[in-house]
Amino acid sequence: MMISRRNFLAVAGAAAAAAALTACGGSSASSTSTASSAAASTASSAAEGGEKIVKVALTCDTGTIDDESFNQACWTAVSGYMGDDCQYYIPEADASDEDRETMIRQAVNDGADVIVCVGYLYGASLAWAADQYPDVKFIAIDVTQGDIGTDAIPANCYCITFKEEQAGYLAGYAIAKDGKTKLGFLGGMAVPAVIRYGYGFVQGADAAAAELGQNIEINYFYGGQFYGDANITSRMEGWYSNGTQVVFACGGGIYTSAVEAALKNNGYVIGVDVDQNYIGANGVADGTYAYNPFITSAMKGLSEAVNTALADIDAGSWGDIAGSNGNFGLEDGDYIGLPTDADSWNFESFTTDEYEEVKGKIKSGEITVDNSSDDATKPTVSEFTTVNYIQ
C-alpha cells in the first residue's frame, strides 16, 4: 500500500520537537513502569471498526529519544498523534534481542495496543512478539520480512522501509556539483538503512564528478554506534584537518562528533533523516556555533509514515496494511529528498532547479540507484572517484 495522503517534507522546528519530547512519558529498559489495568487484547478490539487507539508505545532498538534524527522523528509523530496516551522505551547500551522483547512485554503490560518498533535490530524480537501478542498491532520502522525471519510478514505487523539510497544519492550529487571534492561519510552502524544511505551518497557524488570531469575523494567509516564520543570526534578532526570539506553524518546522535570537529576546522556536515538545519541555526543564535555547519540533509518521511499508519488504524483500515511492507521512494511520491526551504538551502552554487532535475530523473527511472545493503559489496565508481573504506 502506498502512503499518499500528505506530503511529508515539511519538518517541524526545534520548538515543536522539544514539545513532542515532553508530551508523553518515557522509560529506559532498566526502569520499572506502572502497569495499566487495560488488557492489550481488549484495547486492540476497541480499535477495530474505526474506533480509537487506546495507547501507543514506541520502542527503540538503540540510541536516545532526543537524537534529533531517527528516534526523535518517530517519537514526534507518535506523541503528536496520541497526546498523553503514549510512552517510549529506550534500551541500555548493547541491548540484546531479549532486552528488546522485555521492552515490548513491558509496553503491553502498560496497556499499549499499538507498538511502534523503531529500527532494524527489532527483526528477531518481532517474530517472537507478533506470535506472543496476536491482538497487538505492530508498526515496524526500517524492518523487513528478511529481518523478522518468518516466511511472511506476521498478520499483525506492518513494516515501513524507505529507499535511503535515493536520499543519499541526492545529497552526494548535490554536494559534488556544488564544488566539494573532499568528502566524508560517517555512518553509525553498518545496518541496511545506513549502508543504503552511504552507498547512495557515493553513487551520487561519483555521478556528479563524472559529469564535471572533476576528481573527488571520499573517506568512508562506520563508528559502530549511534552517538558521538571523543574517539569519533578525534577521527573527524583528523579528516577535516587533512582537507575533508564536508561529512555526511548518518546515524542518530553520531552527528555531534562531526559537527564538533567541523566547527574546529571550518568544515561542514550533511544531516540525515530529518532537516537538521535548525540545529546549526539554533547553535548560531545561542552563540554555541560560530556559523551554521549544515549544508543540507538527506531526508526520509519517518514522521509522516508513522502518523499515516496510526491514522489508518483509527480509520479501521488496518487490514489494508497489516502483513505488508510499505517501501517508499521517489517513484511513489515525495517521500525522499533534500530540504528546499531557503533557510535550509545552504549550497554555494547548486540550484533548486538542478536538484529538481536530478530528482525527476530518479523518479522516472532514468537514473537507477543501486539499493544494495551488503557491506561487503561496494558501489562501482568511475575513474574520477576514490573511496577510502576505513575499518
Side-chain angles (χ1 to χ4, degrees), residues 1-12 20 23-24 38 40-60 70-71 73-88 104 107-108 111-119 122-123 126 129-130 133-145 147-148 150 152-163 273-274 299-336:
M1 178 181 178
M2 183 176 70
I3 297 174
S4 58
R5 285 190 288 279
R6 292 177 294 274
N7 291 327
F8 74 84
L9 289 179
V11 180
C24 315
S41 59
T42 303
S44 179
S45 297
E48 294 293 346
E51 297 182 25
K52 294 299 180 183
I53 299 166
V54 174
K55 183 175 183 179
V56 176
L58 183 137
T59 60
C60 299
F70 183 70
N71 289 346
C74 294
W75 176 240
T76 297
V78 168
S79 56
Y81 190 93
M82 293 301 299
D84 292 332
D85 299 322
C86 56
Q87 187 166 352
Y88 65 80
I104 292 171
V108 174
D113 56 327
V114 176
I115 300 178
V116 180
C117 295
V118 178
Y122 265 101
L126 275 166
Y133 302 109
D135 295 322
V136 174
K137 298 174 175 65
F138 293 93
I139 300 170
I141 312 298
D142 280 2
V143 179
T144 66
Q145 177 187 334
D147 301 327
I148 299 171
T150 49
I153 295 172
N156 57 336
C157 180
Y158 173 48
C159 294
I160 296 174
T161 55
F162 297 90
K163 297 178 181 177
D273 288 337
V274 300
M299 303 188 301
K300 61 184 183 182
L302 290 161
S303 293
E304 178 60 23
V306 172
N307 191 75
T308 303
L310 294 175
D312 283 341
I313 295 172
D314 266 343
S317 301
W318 173 246
D320 294 337
I321 60 176
S324 70
N325 186 166
N327 184 33
F328 304 109
L330 287 171
E331 301 90 333
D332 309 304
D334 285 340
Y335 302 112
I336 295 293

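Positions are given from 1, in the same order as the sequence printed here. Computed from heavy atoms alone, side chains included, the values below leave out hydrogens, waters and symmetry copies.
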Please find the pair of heavy atoms, one from [X] and one from [Y], that lie closest to each other, and give the distance.
X	Y	answer
Gly83	Cys86	O-SG, 3.3 Å
Leu126	Ala140	CD1-CB, 3.4 Å
Ala130	Phe138	CA-CE1, 3.9 Å
Cys159	Ile148	SG-CD1, 3.9 Å
Tyr122	Cys60	OH-O, 3.1 Å
Lys163	Ile336	O-CD1, 3.7 Å

side-chain hydrogen bond (donor to acceptor under 3.5 Å, both in side chains) partners of Asp142, counting only residues at least two apart: Lys300

Test side-chain hydrogen bond (donor to acceptor under 3.5 Å, both in side chains) applied to Thr144 - qualifying residues, sequence neighbours left out: Asp147

Below 4.5 Å, heavy atoms only, C-beta onward: do [X] and [Y] meet side chain to side chain?
X	Y	value
Ile53	Met82	yes
Cys117	Ile104	yes
Asn71	Tyr88	no
Ile313	Ile139	yes
Cys157	Val143	no
Phe70	Ile141	yes
Lys137	Asp113	no

Test applied, side-chain contact (heavy atoms from CB on, under 4.5 Å); reference residue, Val56; option that passes from Val306, Asp85, Leu310: Leu310

Side chain Asn156, main chain Val136, donor-acceptor under 3.5 Å: yes

Any donor-acceptor pair under 3.5 Å from Ser324 side chain to Ile321 backbone: yes

For Ala57, side-chain contact (heavy atoms from CB on, under 4.5 Å) partners two or more places apart: Tyr89, Ala107, Ala112, Ile115

Inter-residue atom distance Leu302.CG - Ile160.CD1, 0.5 Å rounding: 9.0 Å

Polar contact flag, side-chain donor to acceptor under 3.5 angstrom, Asp314-Tyr81: yes

Aromatic plane relationship, Phe328 with Phe162 - under 30° parallel, 30 to 60° tilted, over 60° perpendicular: tilted

